[in-house]
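Written out below as structure tokens is the structure these notes cover.
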Amino acid sequence: MADLSKVGTEYPPIVWEVERGKIRELAKAIGDFNPIYLDRDAAVKAGYKDTPAPPTFLTVPMMWCGKMPDFINDLKINFMMVLHGEEEYEYYQEIYPGDVITGIPKVTKMEEKTSKSGSKMDMITLEVLYTNQRGEKVAKVRSLLVERK
Amino acid sequence: MVQGKYFEDVNVGDAVIELKKGPLQKLQLVMYAGASGDFNPLHTDDDFAKAVGMKDGVIAHGMLIMGFVGQAVTSWVPKNRLKRLGVRFAGMSKPGNTITISGEVTDKRVVDGENIVTCSIVAKDEQGDVKVSGSFDAALPSKA
């Protein structure tokens, strides 16, 4: 059962160097063959500085940094009972190969809810604000985790 | 379906997206695990998935289906015009499922000089079961 007193907790930053190959790999895994992700020249022709990161790219630093299990443990969430309920991205500017992005994870909301069927669950909102190597905001990720009880 | 990318051409109620993905293959789930770093065996190991109650074996990463949604959205509006994308994960997708993503304009307004369009999006399988639903905001150019 999640420890609802942990709301407001901020975790150590996720620092991630963005690689061209990772952008291409994610686009190909999705099956999105938009040339802006695969070919620098095509991206430049379409008005980008380089091959931009696809819309859901910020799942990569979160999953590859390997810290999600730490967050879940710290929040006293039962790993076997947790579901990914929602995911939202706000985009402030493009993420390009060579960028070093830093995300600050923060637990912004924790609440208990009762479903229509009467079962109780804890809803945990984790926000990560990412900035780049110039200190500019690039994106905000909001993830809703649902722990069934 | 509306192809127009100008703010003036887009109206509330317009259908704006239609993209069919799949059928989903196990190989794609392995590729997505490696690309995303989500190695939960629920998505790649049939024995594990069955042991935790998935009678048909592995299920797709929800984020892969959101990736399909991202592809669908950016096939309508260029990536650099997308301001927000949010989804709710409503159902599990399995190998063999064909996922169709569609969208509809729900609002248009001018905010701080930007022409913002909000659209609903939904991803359904071949039975019509909803896998992912949500919305996005995009800033469109004006003819003026």
Side-chain angles (χ1 to χ4, degrees), chain A residues 14 16 19 21-37 43 46-49 51-69 79-96 139-146, chain B residues 19-25 27-40 42-43 51-53 59-75 77-92 99 121 132-139 141:
Chain A
I14 297 166
W16 187 260
E19 294 167 284
K22 199 66 184 168
I23 288 173
R24 189 191 306 125
E25 186 188 356
L26 185 73
K28 284 191 169 178
I30 291 167
D32 186 347
F33 298 104
N34 188 334
I36 63 169
Y37 304 129
Y48 300 86
K49 206 180 75 186
T51 52
T56 57
F57 183 81
L58 288 172
T59 194
V60 172
M62 176 54 82
M63 296 313 295
W64 271 105
C65 81
K67 289 179 180 167
M68 193 53 116
F79 190 78
M80 295 303 287
M81 297 300 277
V82 69
L83 298 170
H84 191 180
E86 297 177 10
E87 183 87 353
E88 183 176 56
Y89 301 97
E90 279 178 38
Y91 307 104
Y92 309 123
Q93 61 167 294
E94 298 303 328
I95 298 170
Y96 289 119
K140 185 154 77 177
V141 185
R142 189 181 59 82
S143 305
L144 177 72
L145 303 177
V146 179
Chain B
L19 180 71
K20 196 170 274 199
K21 295 285 288 180
L24 273 172
Q25 295 181 350
L27 176 62
Q28 186 168 25
L29 307 189
V30 174
M31 286 174 69
Y32 190 79
S36 70
D38 183 348
F39 292 103
N40 186 333
L42 185 58
H43 307 302
V52 296
I59 59 166
H61 304 78
M63 286 302 302
L64 172 60
I65 311 303
M66 188 181 188
F68 294 171
V69 170
Q71 177 185 355
V73 170
T74 53
S75 65
V77 64
K79 163 76 189 76
N80 53 11
R81 294 195 167 277
L82 182 61
K83 310 294 274 186
R84 185 190 62 84
L85 174 63
V87 303
R88 191 173 75 84
F89 300 103
M92 295 179 288
I99 307 295
I121 32 172
V132 159
S133 64
S135 64
F136 69 90
D137 297 336

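Reminder, nothing fancy here: chain letters follow the sequence lines and each chain counts from 1. Heavy-atom basis, side chains included; hydrogens, waters and symmetry copies ignored.
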Q. Hey, which of Gln93(A), Glu87(A), Met80(A), Glu25(A) has the most heavy atom pairs under 4.5 Å with chain B?
A. Glu87(A)

Q.
Does any backbone or side-chain atom of Phe136(B) lie under 4.5 Å from a heavy atom of chain A? Answer side chain, backbone, both or neither.
A. neither

Q | chain A contact via Val30(B) - side chain, backbone, both or neither, heavy atoms under 4.5 Å | A | neither

Q) Can you say whether Leu144(A) sits under 4.5 Å from chain B via the side chain, the backbone, both, or neither, judging by heavy atoms? A) neither

Q) Salt bridge check: are Lys79(B) and Glu94(A) linked by an N-O gap of less than 4.0 Å? A) yes

**Q.** Rounded distance [0.5 Å steps], OG in Ser133(B) versus CD in Glu86(A)
**A.** 8.5 Å

Q. Which bit of Ala53(A) comes within less than 4.5 Å of chain B, counting heavy atoms only: side chain, backbone, both or neither?
A. backbone

Q. What's the shortest heavy-atom distance between Leu64(B) and Ala29(A), and which atoms?
A. CD1-O, 3.9 Å

Q. Under 30°, 30 to 60°, or over 60°: which ring-plane class applies to Phe39(B) and Trp64(A), parallel, tilted or perpendicular?
A. perpendicular

**Q.** Sidechain-backbone polar pair: Lys28(A) side chain, Met31(B) backbone, donor-acceptor under 3.5 Å
**A.** no

(Q) Walk me through whether Thr56(A) and Met63(B) qualify under side chain to side chain contact (heavy atoms under 4.5 Å, CB included). (A) CA-CA 8 Å; Thr56(A) 57; Met63(B) 286 302 302; 3.9 Å; yes

Q) Run the side chain to side chain contact (heavy atoms under 4.5 Å, CB included) check on Tyr32(B) and Thr59(A) step by step: do they pass? A) CA-CA 11 Å; Tyr32(B) 190 79; Thr59(A) 194; 3.7 Å; yes

Q: Could you tell me which non-hydrogen atom of Arg84(B) sits nearest to which non-hydrogen atom of Tyr91(A), and how far apart they are?
A: N-CD1, 3.8 Å

**Q.** Contact summary for Gly47(A) and Asn80(B), nearest pair of heavy atoms
**A.** O-ND2, 4.3 Å

Q.
Rounded at 0.5 Å granularity, tell me how far CG in Asn40(B) sits from CE in Met68(A).
A. 12.0 Å

Q. Which answer fits Phe57(A), side chain, backbone, both or neither, if we ask what part of it has an atom under 4.5 Å from a heavy atom of chain B?
A. neither

Q.
Looking at Lys83(B) and Glu90(A), is any side-chain nitrogen of the basic one under 4.0 Å from a carboxylate oxygen of the acidic one?
A. no

Q | Heavy-atom pair count under 4.5 Å with chain A, highest-scoring of Ala72(B), Ala33(B), Gly34(B) | A | Gly34(B)

Q.
Which atoms of Tyr92(A) are under 4.5 Å from chain B, going by heavy atoms: the side chain, the backbone, both sets, or neither?
A. neither

Q. Looking only at heavy atoms, what is the nearest atom pair of Asn34(A) and Thr74(B), with distance?
A. ND2-O, 4.3 Å

Q: Using a cut-off of under 4.5 Å on heavy-atom pairs, state which of Leu83(A), Val60(A), Ile36(A) scores highest against chain B.
A: Val60(A)

Q.
I'd like to know whether CZ of Arg142(A) has more than 12 heavy-atom contacts from other residues, nucleotides or ligands below 6.0 angstrom.
A. yes

Q: Give, for atom OG of Ser36(B) and atom CD1 of Ile30(A), the distance between the pair rounded to the nearest 0.5 Å.
A: 9.0 Å

